[in-house]
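What follows is a set of notes on a single structure, which appears directly below.
Both ligands and their constituent atoms are indexed starting at 1 by order of listing. Computed over heavy atoms, backbone and side chain alike; hydrogens, waters and symmetry mates excluded.
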Amino acid sequence: MKIITVIGARPQFIKAAALSREFAKHSEIEEIIVHTGQHFDANMSEVFFEEMEIPKPIYNLEINSLSHGAMTGRMIEGIEEILLKEKPDLLLVYGDTNSTIAGALAAKKMHIKVAHVEAGLRSFNMEMPEEVNRILTDRISDYLFCPTDSAVENLMKEGYENIESKIVRTGDVMQDAAMFYAQKSEEKSNILSQIGFEKFALATLHRAENTDSKKRLSSLVEGLNKIHDTICPVVLPLHPRTKAKLEHHNLELSVKTINPVGYFDMIELLKNCSLVMTDSGGLQKEAFFFGKNCVTMRDQTEWVELIDNNVNVLVGSDKEQLLIAAKEMLVKESNFEIDLYGKGTASKQIVDALLNY
Ligand code: UDP
């Protein structure tokens, strides 16, 4: 079975690390990785391929820093050319980026089967580009691999019992990656000695809905600064998009900012922090995997089970809410023993489904 995997952004590299390791165990599977180039700098891309030992992309389309339409359009064109040449049995995409929808659309129109990993997630906010990408990719996928029960429920509510596709609740490939790489991170990372705090909260901030609005961004910056100055030191690996917007709006973070880190460093930060504050999708789950409460700086989350189990609270971009939630979640004793994302067998279940359907 020849599979083309299309990836382009940081969280997709981490997911692909787990599934590519599983593919490599099967001689009947040939995987060809296409990197669209959405994330291209060393610390947002290369570091993951190197330290996680992800197979090197055979193709790199080098498409980045364009508007949504231009980026998606050029990706479709580039992927179509590769599909014509490689004639794969299946195209596989992850998550909700422009690379995801571009890959799915190019393949579907050529009658090549499409598998979507992280299917069924919804934020119910159609203003988020990620939501549009998710919904459209699900609708044209042949295999919908859902990480959670609520993802399956979302698809059922949208009438997927009447749509020809194979839906499997596999658990989350990010759980597989976290469990595998957590065994190696301590030996590979020295990030803790670099930051120099015994106790700290880990923060990330990069979503367009926060960075593209001066009002939201300045309120969150104020809230994070106050937490750092009065409650607990905050360590924040700064995404290049956020860095550019802060400079543009003349906003200053007084928290401890560091460059974006690789996955081993990230795992060490997660293991050793006292709280996570983020607008990232992936990090909300990783907080849970590593037994940390999370404050989410968004109005909705796709990971509703974290909210239902009281290990995550949504604060939008309100600095007061952020402060109150950070104080509460820093000391709250939560139960992280519940099984929300599977037991690290998602990749195996995906491969089994692909080989047996
Ligand atoms: N991540 C990382 N280094 C960083 C920031 C994030 O390795 O400096 C990882 C993080 O642990 C998670 C993934 O990147 O696995 C999430 O990426 P991001 O927040 O960019 O995307 P999202 O999950 O919101 O789509």
Side-chain angles (χ1 to χ4, degrees), residues 7-19 38-52 54 64 93-101 117-118 121-123 125 128-134 137 147 172-182 184-185 188-189 191 194-195 202-211 234-243 255-273 276-290 292 294 296-303 306 312 341 346:
I7 50 180
R10 180 168 63 185
Q12 293 167 340
F13 308 146
I14 293 164
K15 291 163 202 166
L19 198 45
Q38 199 172 334
H39 283 161
F40 55 95
D41 31 358
N43 56 9
M44 299 284 284
S45 177
E46 267 163 51
V47 62
F48 296 98
F49 285 88
E50 276 161 29
E51 66 180 21
M52 302 180 87
I54 306 166
N64 50 64
V93 286
Y94 296 93
D96 54 23
T97 66
N98 290 337
S99 305
T100 313
I101 181 66
V117 177
E118 269 199 346
L121 298 174
R122 300 290 181 262
S123 66
N125 177 358
M128 287 172 73
E130 294 89 350
E131 183 77 351
V132 178
N133 292 339
R134 285 181 200 122
T137 303
D172 196 323
V173 288
M174 275 203 133
Q175 171 92 63
D176 304 14
M179 285 170 72
F180 182 78
Y181 293 100
K184 301 170 170 237
S185 58
K188 304 266 186 184
S189 162
I191 191 76
Q194 286 175 40
I195 61 164
L202 172 65
T204 73
L205 185 63
H206 77 291
R207 284 275 166 172
E209 72 253 34
N210 285 331
T211 57
V234 176
V235 175
L236 188 148
L238 191 56
H239 193 287
R241 174 200 283 161
T242 315
K243 188 171 185 215
V255 310
K256 166 103 182 147
T257 57
I258 55 177
N259 285 328
V261 292
Y263 197 52
F264 288 130
D265 286 345
M266 194 41 132
I267 290 180
E268 284 305 297
L269 291 170
L270 281 159
K271 279 183 187 167
N272 290 284
C273 71
V276 174
M277 297 180 285
T278 191
D279 59 359
S280 156
L283 218 69
Q284 292 176 56
K285 284 179 293 171
E286 287 165 338
F288 176 77
F289 302 157
F290 291 98
K292 305 299 151 106
C294 184
T296 298
M297 298 176 280
R298 278 173 50 182
D299 301 325
Q300 309 90 9
T301 179
E302 311 77 77
W303 307 106
L306 296 172
N312 188 340
Y341 300 106

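Backbone and side-chain nitrogen or oxygen atoms of G282 are examined, and one is located within less than 3.5 angstrom of a nitrogen or oxygen of ligand 1. Residue H39 has no N or O atom closer than 3.5 Å to an N or O atom of ligand 1. Distances between N or O atoms of E286 and those of ligand 1 include at least one value under 3.5 Å. At least one N or O atom of S280, backbone or side chain, sits closer than 3.5 Å to an N or O atom of ligand 1. Distances between N or O atoms of R207 and those of ligand 1 include at least one value under 3.5 Å.
Taking a cut-off of under 4.0 Å to the non-hydrogen atoms of P260, the atoms of ligand 1 that pass are 8 (O). Close contacts of ligand 1 with G281, meaning ligand atoms under 4.0 Å from a residue heavy atom, involve 22 (P), 23 (O), 24 (O). With ligand atoms numbered from 1 in the order given, ligand 1 contributes 10 (C), 11 (O) to contacts under 4.0 Å with heavy atoms of L283. The contact set between ligand 1 and M266, taken as ligand atoms under 4.0 Å from a residue heavy atom, comprises 1 (N), 2 (C), 4 (C), 5 (C), 6 (C), 7 (O), 11 (O). The P237 neighbourhood of ligand 1 comprises atoms 8 (O), with distances under 4.0 Å to a heavy atom of that residue.
The closest approach between a heavy atom of Q284 and any atom of ligand 1 is not below 4.0 Å.
Relative orientation of the Y263 and Y181 rings is perpendicular, given thresholds of 30° and 60° on the angle between their planes. Aromatic ring pairs are classed by plane angle as parallel below 30°, tilted from 30° to 60° and perpendicular above 60°; the pair H206 and H239 is parallel.
Summarising the local packing, NZ of K188 is surrounded by 12 or fewer heavy atoms from other residues, nucleotides or ligands at distances under 6.0 Å.
Taking both residues in full, the closest heavy atoms of P260 and P240 are given as CG-CD, 4.1 Å, listed atom of the first, atom of the second, then distance. The minimum heavy-atom distance between Q284 and N312, with the atom names listed, is OE1-ND2, 3.1 Å.
In this structure, a donor-acceptor pair under 3.5 Å is absent between the side chains of E130 and T100. Remark: the T211 side chain and the T242 side chain contain no N/O donor-acceptor pair separated by less than 3.5 Å.
For H206, every heavy-atom contact with ligand 1 shorter than 4.0 Å involves the side chain, none the backbone.
Within the 4.5 Å cutoff, no side-chain heavy atoms of F288 are placed close to those of W303. A 4.5 Å side-chain heavy-atom check between F290 and L202 finds every atom pair outside the cut-off.
Given atom 20 (O) of ligand 1, the protein heavy atom at minimum distance is R10 NH2, 2.9 Å. Nearest protein heavy-atom contact of atom 8 (O) of ligand 1 is V261 N, 2.9 Å. Summary of contacts: the protein heavy atom closest to atom 21 (O) of ligand 1 is P11 CG, 3.4 Å. Nearest protein heavy-atom neighbour of atom 9 (C) of ligand 1: I14 CD1, 3.7 Å.
In this structure, E118 pairs ionically with K15, as a charged nitrogen and a carboxylate oxygen lie closer than 4.0 Å.
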